[in-house]
Amino acid sequence: MTSRSLNDLIYDTLASVPWQTKLQPTLPMEEVHVVLHEPAILGGYRVPHKPWKYYFFSLFQLHNETVNVWSHIIGCVVILYKLYHFFDEFDLGRDHVLTTLLLFGISCLIGLGTSAAVHLLHAKSPYIHFVAFMVDYIGATFCSFGSGIAALYGYSKAETYDSIKDFYAPLVFISSYLNFLNLCLAKIWYGHDPHNLNRKYMFIFGMGIQAFINMAPWIPRFVDCFHDNTCSFSSLNHISIIPFVFVLEAVAFAAHQPEKTFPGKCDIVGQGHQLFHVLIVLNHVFQLDAIYIDHKNNLTGHSEPDFWFYLIMMIVLYVIEAASLCIIARLVPASIKKAEEADEEKRK
Ligand SMILES: [Zn+2]
């Protein structure tokens, strides 16, 4: 065989491999629409306006969202693994703790699954990018609702549980929905500028209030421990870790480090948002463990969550948020136009 025909054979063989299995080229920041820019991420952007299958198959490609997608897919596997073991140990009809674990586990799976899908698909166009990230807020606030239910039934003391159980679930429901609107409006008003701090403040303010409401059921345990000389705060470490990780999440989300210090060096691996994703998964695991530990210590025998009631509440929350998103999405074209005008102004 001549070297010419060998070259042709190699070329033909490589050309016949389906495109999905080959590493696809990515674009530098300057070649994608301004609303798709991420702070200090200079490359690794997928090509916009391709068919949907390009974005679905980008799950197996290397680009600046690969780690964000996989971190939450792996997170779903971890949650499923933990739920599997809880089902092995408890009986749904007899052990109320399994209802609490299951409700919170479902909210985690929906939140993580939504986030993975959003990071996988949002690069198709500026409009899809805006709408996709508002879908992500449905997942995030849905998960916050699950955290509130976990806090009430999973690790509140009997007196607190008795005094708040009648109004707490509607309170978390309303605050989750209002926070969803807050996150969407922050995206619509300031989403055209990835460096805008007002958007970050609105995010952190909304999520902070939500987190405070979610903490309300177990704060009295810390107050009791403070007044009790025989109580050590270390006995509450399995709960203290939850707000601690939440604060780390907020810092990782807002700081965009280390990529701001090393622009262009963290385009594929090492972005602050990737760390934020890992911390979210860790926090879910710590919350499941806190429910389990307090059950094992016989502290939550008073909890009797109604699985079907809360499942319907979760479905209603998701549907209402999705319906609101359909209305808010009408504001997206104006927001994209604002982004284009601001970008043109900057280039002058
Ligand atoms: Zn994310």
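Atoms within a ligand are numbered from 1 in the order they appear, just like the ligands themselves.
Under the 4.0 Å criterion applied to side-chain N and carboxylate O atoms, K165 and E304 are not assigned as salt-bridge partners.
For the Zn ion (ligand 1), the set of nearby N, O or S atoms under 2.8 Å includes none belonging to H72.
Looking at T66, its side chain does come within 3.5 Å of a backbone N or O of Q61 through a donor-acceptor pair.
To the nearest 10 degrees, the Zn ion (ligand 1) sees NE2 of H119 and NE2 of H277 at an angle of 100°.
H273 contributes atom NE2 as its closest N/O/S atom to the Zn ion (ligand 1).
Both tests hold for K187 against F130: distance to the six-membered ring centre under 6.0 Å, angle to the ring axis within 45°.
With hydrogens and angles left out, the side-chain atoms of Q271 and H256 include no donor and acceptor closer than 3.5 Å.
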